[in-house]
Amino acid sequence: MPRAVPLSDSLGAVIEGIQIHEATPHADREFIRQALLKHRVVFLRDQQQLTTQAQLHLAAHFGPVVSHPTVANHAEPAILELHSHRGGRANSWHTDVTFELSPPQLSVLRAVTLPDLGGDTVWANTVAAYQHLPVALRALADQLWAVHGNDFDYAASRVELLHDSAAREYRRNYAAQIIKHEHPVVRVHPETGERSLLLGHYAQRFVHFNTHDSDRLYEIFQAHITRLENTIRWRWASGDLALWDNRATQHYAINDYGDRLRVMQRVTVMGDVPVAVDGQRSRPHTP
């Protein structure tokens, strides 16, 4: 019988007793779904039968699989390869693809090639972050909206990218088509009804606030999200698979492995349009 072993009180669990393959039973896949809703990010170790097709099949249990809107591989658009030698180092706190109107509901990440040291990933619980805000800050957050865009200034705060031609090319492709949407800072989870903070590095400014005030507000809320009490850190091993609820988490891939090779494969599942506490839905940004 499968079981989920929690990694902390509110975030993360290791699922034992399930092997992912192209014929993984429906009951096992549904067990993963329920564990994901409870623990927000789950891990399956030693998945020796895991193939690309099995990864895609698992993701499809949760909903339609979608390609990345700007850097999809045309040969296999459903698979996003995060290759450390080709600009695929997401070492900044973020929720995936929030510049889209409907950010993905979840991601399925597979370790393909790992460095011999470093390369961990950290996740943060954005539901707990909201719940632990002081009452006055929660009331403020409930009213705020933010503009999210794919043209965020990634390199400005990451000097190493300025000297990496592959990373510069990756960033150019990433923002070749500018996509911006406005999301509520507090979204209501469509399945659990919980409220969570929707921010991360794609959030550029708050609606009706200038850049200076937006930066100060962002720092306040983002600091609550990334408090150590809200996070877990995963040390990858060969055969590991991770799934996370993109509606209730942020994550950060630690870039501490130098020029070593790190390759991951990510599959994402279509999400829904975020809904604010007052029922309003996310919308396109009009400058």
Q.
Please tell me whether His212 and Arg216 have a donor and an acceptor in their side chains that are separated by less than 3.5 angstrom.
A. yes

(Q) Between the side chains of Asp215 and Arg205, is the shortest nitrogen-to-carboxylate-oxygen separation below 4.0 Å, so that they form an ion pair? (A) no

Q | Exam field: side chain His68 to backbone Ala78, donor-acceptor pair closer than 3.5 Å | A | no

**Q.** Check: Phe206 main-chain N/O paired with Ser214 side-chain donor or acceptor under 3.5 Å
**A.** yes

Q.
Can you tell me how far apart NE2 (His224) and CG (Leu197) are? Round to the nearest 0.5 Å.
A. 9.0 Å

**Q.** Heavy-atom closest pair, residues Arg266 and Ser107
**A.** CD-OG, 3.9 Å

Q) Val14 and Val41: same hydrophobic cluster, using ILVMFWY side-chain contacts below 4.5 Å? A) yes

Q. Considering all heavy atoms of both residues, which atom of Leu101 and which atom of Ser282 are nearest to each other, and what is their separation?
A. CD1-O, 3.4 Å

(Q) Nearest 0.5 angstrom please: His201 NE2 to Ser92 OG, how far? (A) 5.0 Å

Q.
Please determine whether residues Val97 and Ile179 belong to a single hydrophobic cluster, defined as Ile, Leu, Val, Met, Phe, Trp and Tyr linked transitively by side-chain heavy-atom distances below 4.5 Å.
A. yes

Q | From Ile254 atom CD1 to Asn91 atom CG, the distance as rounded to the nearest 0.5 Å | A | 9.5 Å

**Q.** Check: Thr121 side chain, Ala253 main-chain N or O, donor-acceptor pair, under 3.5 Å
**A.** no

Q. Is a side-chain donor or acceptor of Gln47 paired with a backbone partner of Arg45 at a separation under 3.5 angstrom?
A. yes

Q | Aromatic centroids of His61 and His26 separated by under 6.0 Å | A | yes

Q. Mind checking whether Leu144 and Ile220 sit in one hydrophobic cluster, side chains of I, L, V, M, F, W, Y counted as touching below 4.5 Å?
A. yes

Q | Derivation of the ring pair (Phe, Tyr, Trp, His ring centres under 6.0 Å) call for His285 and His181 | A | CA-CA 5 Å; His285 172 64; His181 287 89; 9.2 Å; no

Q) Got a second to check how far His148's NE2 is from Thr95's OG1, nearest 0.5 Å? A) 8.5 Å

**Q.** Basic-acidic side-chain contact under 4.0 Å: Arg247, Asp96
**A.** no

Q: Mind checking the CG-CD spacing from Leu36 to Glu30? Nearest 0.5 Å is all I need.
A: 11.0 Å

Q.
Quick check: is Leu198 connected to Val269 through a chain of hydrophobic side chains (ILVMFWY, heavy atoms under 4.5 Å apart)?
A. no

Q: Go through the steps for Asn150 and Glu100 under the test side-chain hydrogen bond (donor to acceptor under 3.5 Å, both in side chains), then give the verdict.
A: CA-CA 9 Å; Asn150 64 328; Glu100 285 276 58; over 6 Å; no

Q) So, Glu81 and Arg86, do they make that salt bridge, N to O below 4.0 Å? A) yes

Q | Counterpart residues, salt bridge (charged side-chain N to carboxylate O under 4.0 Å, His left out), relative to Asp116 (two or more places apart) | A | Arg260

(Q) What I want to find out is whether Glu182 reaches Arg281 closely enough, with some N-O distance under 4.0 Å, to be called a salt bridge. (A) no

Q) Taking atom CG of Leu243 and atom CZ of Arg40, what is their separation to the nearest 0.5 Å? A) 15.5 Å

Q) Okay, side chain of Asn246, backbone of Pro103: is any donor-acceptor separation there less than 3.5 Å? A) no

Q.
Could you tell me if Gln19 and Asp46 have a donor-acceptor pair between their side chains, going purely by distance under 3.5 Å?
A. no

(Q) Using side-chain heavy atoms (C-beta onward) and a distance below 4.5 Å, is Gln222 in contact with Thr226? (A) yes

Q: Mark yes or no for whether Gln105, through its side chain, and Phe62, through its backbone, hold a donor-acceptor pair below 3.5 Å.
A: yes

**Q.** Over all atoms of both residues, closest heavy-atom pair of Val108 and Gln55
**A.** O-NE2, 3.0 Å

Q. Within 45° of the axis and under 6.0 Å from the centre of the six-membered ring of Trp145, does NZ or CZ of Arg283 qualify?
A. yes

Q: Identify whether the distance between the nearest side-chain nitrogen and carboxylate oxygen of Arg235 and Asp120 falls below 4.0 Å.
A: yes

Q: Determine whether Phe209 and Val147 fall in the same hydrophobic cluster, where Ile, Leu, Val, Met, Phe, Trp and Tyr are linked whenever their side-chain heavy atoms lie under 4.5 Å apart.
A: no

Q) Is there a donor-acceptor pair closer than 3.5 Å between any side-chain N or O of Arg138 and the backbone N or O of Leu133? A) yes

Q) What residue among Trp123, Tyr252, Tyr202, Phe221 forms ring pair (Phe, Tyr, Trp, His ring centres under 6.0 Å) with Trp93? A) Tyr252

Q | Result of checking Thr126, Val186, Val185 against Leu199 for side chain to side chain contact (heavy atoms under 4.5 Å, CB included) | A | Val185

Q) Considering residues at least two apart in sequence or located in another chain, which fulfil the side chain to side chain donor-acceptor pair (under 3.5 Å) criterion with Asp28? A) none

Q) Within a reach of under 6.0 Å around CG of Leu117, are more than 12 heavy atoms found that belong to other residues, nucleotides or ligands? A) yes

Q) With distance as the sole test, does Asn125 use its side chain to make a donor-acceptor pair with the main-chain N or O of Ser10 at under 3.5 Å? A) yes

Q. Which atom names give the shortest non-hydrogen contact between Ala203 and Tyr218, and what distance separates them?
A. CB-CE1, 4.1 Å

Q) Taking Asp240 for the side chain and Ala237 for the main chain, is one N or O donor matched with an acceptor at less than 3.5 Å? A) yes

Q) Do Asp245 and His189 meet the criterion of a side-chain donor-acceptor pair at a distance under 3.5 Å? A) yes

Q: Please report the closest heavy-atom contact between Ala248 and Val127, naming both atoms and the distance.
A: CB-CG2, 3.8 Å

Q: Examine His94 together with His251 and report whether their ring centres are nearer than 6.0 Å.
A: yes

Q: Write down the atom of Val65, the atom of Ala60, and the distance for their closest heavy-atom approach.
A: CG2-N, 4.0 Å

Q: Answer yes if the side chains of Glu194 and Gln131 hold a donor-acceptor pair under 3.5 Å, and no otherwise.
A: no

